[in-house]
Every structure is written in structure tokens, then in C-alpha cells.
Amino acid sequence: MAEIMGIVNVTADSFSDGGRFLDTDRAIAHGRMLRADGATILDIGGESTRPGAERVSPDVEAARVLPVVAGLVAEGAVVSIDTMNASTAVSAVAAGARIVNDVSGGRSDPDMLGAVAGTDAEIVLQHWRGHSADMYANATYDDVVAEVLGELAARVDAAVAAGIAVERIIVDPGIGFGKQGAQNWEVLRGLHRIVGAGHRVLVGTSRKRFFADVLGADADEARRDLATAVTSVLAAQAGAWGVRVHNVAATRDALAVQRAWEGKA
Ligand code: PMM
């Protein structure tokens with residue numbers, strides 16, 4: 001069964017939850033609910049990566065996320081820390097996080113890969129071509145799947161060279177990161193090729209802008225959650241190790257249907 005990574009954003013301007021879970025207690029309560037809904041991992045982030053979002057300092061980020069990491073770890077959750085900062089990653093692992101999820105694949109902070117190498121955490125290396133402020137400036141590809149594959153392989157090589165065992169590495173094609181509408185669909189269509197590279201693959205489509213291509217630009221959260229559950233099933237079918245979602249219950253049910261279909265229920 002695919003891992004379901006539930007999103008706990010402790011930010012003021014996330015893609016979609018509008019900072020509703022800004023304070024520690026509410027973020028912990030949200031994480032608790034996602035676990036009850038079936039999340040096998042909770043991904044805690046304190047910096048929005050929404051296109052155009054401004055960066056926050058590592059100190060502000062750490063102050064937002066560390067109490068939430070500690071609180072959810074204390075309840076037995078498997079926690080992932082969504083950060084591009086080595087200092088936040090190391091503090092979060094010290095507080096019990098088991099996975100470092102770096103959307104920049106270790107490119108934003110030159111200390112990240114070495115810092116993670118010094119821990120026993122796993123790491124998600126996402127495909128990324130630059131910060132949110134100019135997210136789409138480099139969104140030009142001849143063959144988006146081949147280029148994502150090649151660039152992810154280079155990040156895996158860099159991580160291994162920094163001392164991270166290959167078994168600790170998870171890759172992510174970075175839906176919505178440096179990719180325009182149709183390019184995201186092309187990546188998803190080629191997901192089996194990315195899985196074929198042999199690493200565990202995480203896929204994050206949840207509520208993302210590219211759904212506007214099929215749902216229209218003003219589809220509400222419920223419709224985008226349904227679309228997310230469908231892409232999560234298709235990702236699992238293509239061999240993804242895990243999916244990263246806001247609405248865990250919807251994706252849990254969709255994955256259960258898929259397992260029944262495959263005779264594995
Ligand atoms: N997407 C966002 C943030 N972190 N991490 C991984 N590994 N993969 C993703 O696709 C991803 C991510 C942006 O979404 P949000 O701001 O709605 O959480």
C-alpha cells in the first residue's frame with residue numbers, strides 16, 4: 001500500500017489552506033486528525049513554496065515547525081520535515097523527524113546534504129529549478145520526463161557523494177515546481193519511467209494549479225481533492241512509493257478501492 005503523507009502547513013500563505021493552522025496547537029490537532037484519517041507520514045512545513053511566495057528566515061521557520069514536530073512525534077507519528085534549510089532539518093531530526101523533505105533536492109542550501117548525511121534520517125530529493133519567486137523562468141524542456149530523470153539522478157549522485165546511503169533516498173518529480181500545466185501531465189504520464197530508475201518515488205499533486213486544466217480555474221477544494229485522489233491512485237498504479245496530500249481521507253478511500261480492484265483489499 002502506498003504511503004499517504006498528510007500535509008501539515010504551519011505557514012501564513014500556503015497554496016491552499018490559507019494559514020488556517022498557523023499556531024502550534026491547531027497544527028498538532030490537524031496532524032492528529034490526518035493520522036486518524038489514515039496518514040502514515042505527516043509532512044510538516046513552515047515555509048510556503050507557492051509560486052511567488054516570499055522566503056522566511058530559517059529562525060522563523062524553525063520556531064514555527066519544531067514544536068509541531070515534537071508534539072506529533074510524542075504522539076507516535078512518523079514525521080517528515082518539509083524544509084530547504086539544513087539548520088531546520090537537523091533540529092527537526094533531533095526533535096524526532098525521520099524524513100527530510102527538501103523540495104530543492106539539496107540545491108537551495110549547500111549544507112543540506114552533508115547535514116542530513118550526519119543523521120540517520122531519510123531524504124526526499126525533489127526536482128526543482130529555482131525558488132518560488134521565479135518558479136517558471138526555467139520551465140522550458142525538450143523532453144520533460146528525460147530531463148527530470150537526469151536532473152534527479154544528478155541530485156541522487158550528489159547526495160550519495162555527501163555520504164547519504166542510496167537506500168535512504170526518495171525522489172519526487174516536483175509537480176508544479178518549474179513546470180507549466182501540460183508539462184505536469186507529461187511528467188505524470190511518464191511516472192513509470194521515473195519509478196523505473198529504482199528509487200522510491202513520492203508524488204505531490206494535491207490541490208495544485210495544474211488541475212485547472214481539467215477542472216477550470218475556480219474549482220473549489222472539494223473538487224480539487226477528488227481530482228487529487230484520482231491522481232494519487234494513478235500514481236500508485238504507476239509504482240509510486242507514496243503520495244503527499246491535504247485530504248488524507250479522500251486519498252485513503254481511493255487507494256482502498258484500487259487495492260480491492262487489484263484483489264489486495
Ligand atoms: N509540494 C509542495 C510542498 N512540498 N514536497 C514534496 N516532496 N513534493 C511536493 O509536490 C511538494 C512538497 C507545495 O504544496 P503545498 O504548499 O500545498 O503544501
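Note that the coordinates shown come from a computational prediction; the quantities given were computed from them, not determined experimentally. We count ligands from 1, going down the list as the structure has it; atoms in each ligand are counted the same way.
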Undergrad: Looking only at the side chains, is there a donor atom on one of Ser108 and His131 sitting less than 3.5 Å from an acceptor on the other?
TA: yes
Undergrad: Could you check whether Glu47 and Thr83, counting side-chain N and O atoms only, form a donor-acceptor pair closer than 3.5 Å?
TA: no
Undergrad: Under a 4.0 Å heavy-atom limit, does Asn9 contact ligand 1 with its side chain, its backbone, both, or neither?
TA: side chain
Undergrad: Counting from 1, what ligand 1 atoms have a heavy atom of Gly204 closer than 4.0 Å?
TA: 10 (O)
Undergrad: Can you sort out which atoms of ligand 1 are near His246, meaning under 4.0 Å from one of its heavy atoms?
TA: 17 (O)
Undergrad: Does the side chain of Gln126 come under 3.5 Å of the side chain of Asp102 through a donor N or O and an acceptor N or O?
TA: no
Undergrad: Begin with the C-alpha distance, continue with both residues' side-chain angles, and end with the deciding distance and a verdict on side chain to side chain contact (heavy atoms under 4.5 Å, CB included) for Lys179 and His127.
TA: CA-CA 10 Å; Lys179 297 164 199 77; His127 180 257; 2.9 Å; yes
Undergrad: Is there a side-chain contact between Ile175 and Val187 in this structure, where contact means two heavy atoms from C-beta onward sitting under 4.5 Å apart?
TA: yes
Undergrad: Indicate, as side chain, backbone, both or neither, the part of Asp43 found under 4.0 angstrom from ligand 1 when only non-hydrogen atoms are considered.
TA: neither
Undergrad: Suppose I only count heavy atoms of Val124 and a 4.0 Å limit; which atoms of ligand 1 are within that range?
TA: 7 (N)
Undergrad: Is the shortest distance from a heavy atom of Lys208 to ligand 1 less than 4.0 Å?
TA: yes
Undergrad: Does Glu122 pair with Arg200 as a salt bridge, N-O distance under 4.0 Å?
TA: yes
Undergrad: Please could you name the atoms of ligand 1 that Val103 approaches to less than 4.0 Å, counting only its heavy atoms?
TA: 4 (N), 5 (N), 12 (C)
Undergrad: Within the 4.0 Å heavy-atom shell around Leu202, which atoms of ligand 1 are there?
TA: 7 (N)
Undergrad: May I ask you to list the atoms of ligand 1 that are less than 4.0 angstrom from any heavy atom of Asn101?
TA: 5 (N), 6 (C), 7 (N)
Undergrad: So is Asp82 polar-close to ligand 1, meaning N/O to N/O under 3.5 Å?
TA: yes
Undergrad: Aromatic rings Phe210 and Trp185: how do their planes relate, parallel, tilted or perpendicular, breaks at 30° and 60°?
TA: tilted
